Participant: 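Questions regarding the structure given below will be posed in turn.
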Amino acid sequence: MQRHVYFVTLPGVMALDLAGPAEALRLAGQFTLHYIGPQPEVVMSTGLTVSHLQPLPESLPKDSILIMPGVAESAENFASPVAQTACDWLHQQKSAIEAGSLTLVCICSGSLLAGKAGLLDGYQCTTHHDVIERLRQQVPAAQVKDNRIFVEDRFVLTSAGISAGIDLALHLIATHSGPQAALDVAREMVVYFRRAGDDPQLSPWLRYRNHLHPAVHRAQNLMAAEPESPWQVEDVAARSHISSRHLTRLFRQHLGISVRDYHEQLRIGVAQQRLQQGAGIEKAALAAGFSSARQLRRAQERWG
């Protein structure tokens with residue numbers, strides 16, 4: 001059965017918040033996409049213009065999905081008269097969402113406008129980590145969750161920013177069309193792993209990247225490309241063109257953990273992703289480079 005999906009498209013809409021989920025849903029082949037807004041034409045965050053937008057409809061078909069993407073400079077754009085028009089219209093959808101005949105999906109800062117419209121009161125939700133405190137202050141009746149890829153509470157789903165919208169779209173596909181359909185779309189989009197909602201926004205691949213040291217980045221790139229490989233500190237250091245002693249010191253200085261600890265966290269991340277794809281714990285452990293499920297459990301306990 002085809003599901004109707006409506007994207008509320010406002011000025012400054014984040015290009016990937018719109019295009020990423022839309023492309024995933026299009027590839028699934030079981031969703032009819034609509035782009036709506038108070039204006040027939042808007043300029044996106046990238047400077048591209050989106051035109052031929054449909055007006056905000058008086059009503060939506062039963063079992064539709066309503067997606068509110070984030071916008072650039074949300075504090076300014078969500079305070080505009082155009083955004084207020086969309087906010088008032090969103091508020092009119094509250095009873096349908098509470099009744100379960102309409103599913104609300106907010107991507108990135110889209111949660112801020114939905115919260116302003118009163119749609120998140122009493123719901124667990126999340127948003128991009130840069131604006132999560134704003135959401136918490138703006139919507140005190142919401143149960144805001146930190147460091148989540150996405151959160152699902154009844155018929156309200158909210159996600160972190162940018163690529164998390166694709167994760168959420170894949171979750172919708174899995175829910176409505178089955179997990180195999182979601183995996184097929186992820187493979188088509190070259191999204192190798194599909195993250196779950198309770199995955200942290202800052203995964204091991206991102207958490208320790210907020211530094212500027214090129215040698216440490218080279219070492220991280222090596223291990224992240226093949227986390228299942230039996231990396232030794234000496235091998236990583238040699239291929240990063242520094243001594244193992246210097247690399248050890250740099251990891252402690254810039255990351256606060258050892259080379260081995262970083263490698264182990266990458267492996268845990270791979271194993272968790274394999275588990276989410278349906279693999280048994282033994283196969284997930286071996287795929288991540290652990291010798292056994294027991295070794296994986298011990299590693300998880302160390303970082304739990």
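This one's a predicted model, so the numbers in the text were calculated from it and none came from an experiment. Below, all heavy atoms of this structure are taken into account, side chains as well, without hydrogens, waters or symmetry copies.
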Participant: How close do Ala15 and Met44 get, counting heavy atoms only, and between which atoms?
Facilitator: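 Closest approach of Ala15 to Met44, heavy atoms only: CA-CE, 3.2 Å.
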
Participant: Roughly how far, to the nearest 0.5 Å, is the CG atom of Leu53 from the NE2 atom of His34?
Facilitator: 13.5 Å

Participant: Is a side-chain N or O of Ser74 found less than 3.5 angstrom from the main chain of Val71, in a donor-acceptor match?
Facilitator: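 Side chain of Ser74 to backbone of Val71: no pair is present.
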
Participant: Is the side chain of Thr85 donor-acceptor paired with the backbone N or O of Pro81 at a distance under 3.5 Å, no angle test?
Facilitator: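 Yes; at least one donor-acceptor contact below 3.5 Å.
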
Participant: Ile97 and Phe155: which non-hydrogen atoms are nearest, and at how many Å?
Facilitator: O-CB, 3.8 Å

Participant: Tell me, yes or no, whether the heavy-atom count around Gln2 atom CD, taken from other residues, nucleotides or ligands under 6.0 Å, exceeds 12.
Facilitator: yes

Participant: Where do Glu282 and Ser292 come nearest, in terms of heavy atoms and distance?
Facilitator: OE2-CA, 3.5 Å

Participant: Does some side-chain heavy atom of Pro69 sit less than 4.5 Å from a side-chain heavy atom of Met14?
Facilitator: no

Participant: Hey, could you give me the CZ/CD distance between Arg298 and Glu264, rounded to the nearest 0.5 Å?
Facilitator: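 Answer rounded to 0.5 Å: 11.5 Å.
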
Participant: Side-chain contact, heavy-atom cut-off 4.5 Å: Thr158 with Leu135?
Facilitator: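 SC-SC contact between Thr158 and Leu135 ruled out.
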
Participant: Give, for atom CZ of Phe150 and atom CD1 of Ile166, the distance between the pair rounded to the nearest 0.5 Å.
Facilitator: 13.0 Å

Participant: Quick check: do Leu113 and Leu10 have side-chain heavy atoms less than 4.5 Å from each other?
Facilitator: yes

Participant: Below 4.5 Å, heavy atoms only, C-beta onward: do Leu168 and Pro21 meet side chain to side chain?
Facilitator: no

Participant: With side-chain contact (heavy atoms from CB on, under 4.5 Å) as the test, would you mind laying out the steps for Leu90 and Lys116 before giving the verdict?
Facilitator: CA-CA 9 Å; Leu90 285 170; Lys116 186 178 179 181; over 6 Å; no

Participant: May I ask whether Leu18 and Val43 are part of the same hydrophobic cluster, defined by side-chain heavy atoms of I, L, V, M, F, W, Y residues being less than 4.5 angstrom apart, directly or through others?
Facilitator: no

Participant: To the nearest 0.5 angstrom, please state how far the CD atom of Gln143 sits from the CG atom of Asp121.
Facilitator: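 These two atoms lie 10.5 Å from each other.
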
Participant: With rounding to the nearest 0.5 Å, note down the distance linking OG in Ser159 to NE2 in His128.
Facilitator: 10.0 Å

Participant: With sequence neighbours left out, write down each residue that passes salt bridge (Lys or Arg N to Asp or Glu O under 4.0 Å) with Glu133, or none if nothing qualifies.
Facilitator: Arg136

Participant: If hydrophobic clusters are built from ILVMFWY residues whose side chains come within less than 4.5 Å, do Leu286 and Trp231 share one?
Facilitator: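 Different clusters.
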
Participant: Could you tell me whether the side chain of Gln84 reaches within less than 4.5 Å of the side chain of Cys87, counting heavy atoms only?
Facilitator: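 Cys87 reaches Gln84 side chain to side chain.
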
Participant: Is Leu102 reachable from Leu104 through a run of hydrophobic residues whose side-chain heavy atoms are each under 4.5 Å from the next?
Facilitator: yes

Participant: Do side-chain atoms of Gln93 reach the backbone of Trp89 as a donor and acceptor pair under 3.5 angstrom?
Facilitator: yes

Participant: Return the set of residues passing salt bridge (Lys or Arg N to Asp or Glu O under 4.0 Å) with Arg154 (not counting sequence neighbours), or none when no residue passes.
Facilitator: none

Participant: Run Val156 and Leu119 through side-chain contact (heavy atoms from CB on, under 4.5 Å) and show every step you take.
Facilitator: CA-CA 8 Å; Val156 173; Leu119 302 183; 6.0 Å; no

Participant: Enumerate the salt bridge (Lys or Arg N to Asp or Glu O under 4.0 Å) contacts for residues 228-254, please, sequence neighbours excluded, ordered by first and then second residue.
Facilitator: none

Participant: Which distance, rounded to the nearest 0.5 Å, do you find between the CG of Leu56 and the CD of Gln39?
Facilitator: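 Interatomic distance, Leu56 CG to Gln39 CD, rounded to 0.5 Å: 10.5 Å.
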
Participant: Mark yes or no for whether Arg218, through its side chain, and Ala237, through its backbone, hold a donor-acceptor pair below 3.5 Å.
Facilitator: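 Here the side-chain-to-backbone pair does not exist.
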
Participant: Taking Ser111 for its side chain and Thr126 for its backbone only, find out whether a donor-acceptor pair lies under 3.5 Å.
Facilitator: yes

Participant: Decide yes or no for Ser177 and Phe31: does some side-chain heavy atom of the first lie under 4.5 Å from some side-chain heavy atom of the second?
Facilitator: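 Heavy-atom side-chain distance check passes, below 4.5 Å.
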
Participant: Ignoring hydrogens and geometry beyond distance, is a side-chain donor-acceptor pair present between Asp261 and Gln265 at under 3.5 Å?
Facilitator: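 Checked: Asp261/Gln265 side chains show no N/O donor-acceptor pair below 3.5 Å.
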
Participant: Short question: side chain of Asp17, backbone of Gly161 - any donor-acceptor pair under 3.5 Å?
Facilitator: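 Checked: no pair found.
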
Participant: Where the side chain of Ser101 meets the backbone of Ala99, is there a donor-acceptor pair that is under 3.5 Å apart?
Facilitator: no

Participant: Regarding Thr103 and Arg3, do their side chains bring together a donor and an acceptor under 3.5 Å, going by distance alone?
Facilitator: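 No pair is found: no donor N or O on one side chain lies under 3.5 Å from an acceptor on the other.
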
Participant: side-chain contact (heavy atoms from CB on, under 4.5 Å) with Ala287: which residues, sequence neighbours excluded?
Facilitator: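 Ala287 satisfies side-chain contact (heavy atoms from CB on, under 4.5 Å) with Arg274 once adjacent residues are dropped.
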
Participant: Do Phe251 and His213 have side chains that get closer than 4.5 Å, going by heavy atoms?
Facilitator: no

Participant: Any side-chain heavy atom of Tyr35 within less than 4.5 Å of one from Val13?
Facilitator: no

Participant: On a heavy-atom basis, which atom in Gln137 and which in Pro140 lie closest, and how many Å separate them?
Facilitator: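 Heavy atoms of Gln137 and Pro140 come nearest at O-CD, 3.6 Å.
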
Participant: Return the set of residues passing salt bridge (Lys or Arg N to Asp or Glu O under 4.0 Å) with Glu152 (not counting sequence neighbours), or none when no residue passes.
Facilitator: none

Participant: When hydrophobic residues are tied together by side-chain contacts of less than 4.5 Å, even through go-betweens, does Val233 share a cluster with Ile257?
Facilitator: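 Val233 and Ile257: one cluster.
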
Participant: Looking only at heavy atoms, which two atoms of Ile173 and Ala24 are closest? And how far apart?
Facilitator: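 Answer, listing the atom of Ile173 first, then Ala24: CD1-O, 3.3 Å.
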
Participant: Would you list the pairs meeting salt bridge (Lys or Arg N to Asp or Glu O under 4.0 Å) in which at least one residue belongs to residues 26-49, sequence neighbours left out?
Facilitator: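 As it turns out, the salt bridge (Lys or Arg N to Asp or Glu O under 4.0 Å) pairs with a partner in residues 26-49, which skip direct neighbours, are Glu23-Arg26.
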
Participant: I'd like to know if the side chain of Gln138 reaches the main chain of Leu112, judged simply by a donor and an acceptor atom lying under 3.5 Å from each other, with no hydrogens or angles considered.
Facilitator: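 Answer holds: yes.
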
Participant: Would you check if the side chain of His263 reaches a backbone N or O of Pro227 as a donor-acceptor pair within less than 3.5 Å?
Facilitator: yes

Participant: For the pair Thr127 (side chain) and Cys108 (backbone), establish whether a donor and an acceptor sit closer than 3.5 Å, ignoring hydrogens and angles.
Facilitator: yes

Participant: So if you build clusters from Ile, Leu, Val, Met, Phe, Trp, Tyr with side-chain heavy-atom gaps below 4.5 Å, do Ile242 and Val236 land together?
Facilitator: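 Cluster IDs for Ile242 and Val236 match.
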
Participant: Does Val144 form a side-chain contact (heavy atoms from CB on, under 4.5 Å) with Cys125? I'd like the steps, not just the answer.
Facilitator: CA-CA 5 Å; Val144 181; Cys125 58; 4.1 Å; yes

Participant: Is there a side-chain contact (heavy atoms from CB on, under 4.5 Å) between Tyr262 and Met223 once you walk through the steps?
Facilitator: CA-CA 9 Å; Tyr262 178 74; Met223 290 184 283; 3.5 Å; yes

Participant: Quick check: closest heavy atoms across Val139 and Gly115, and the distance to 0.1 Å?
Facilitator: CG2-CA, 3.6 Å

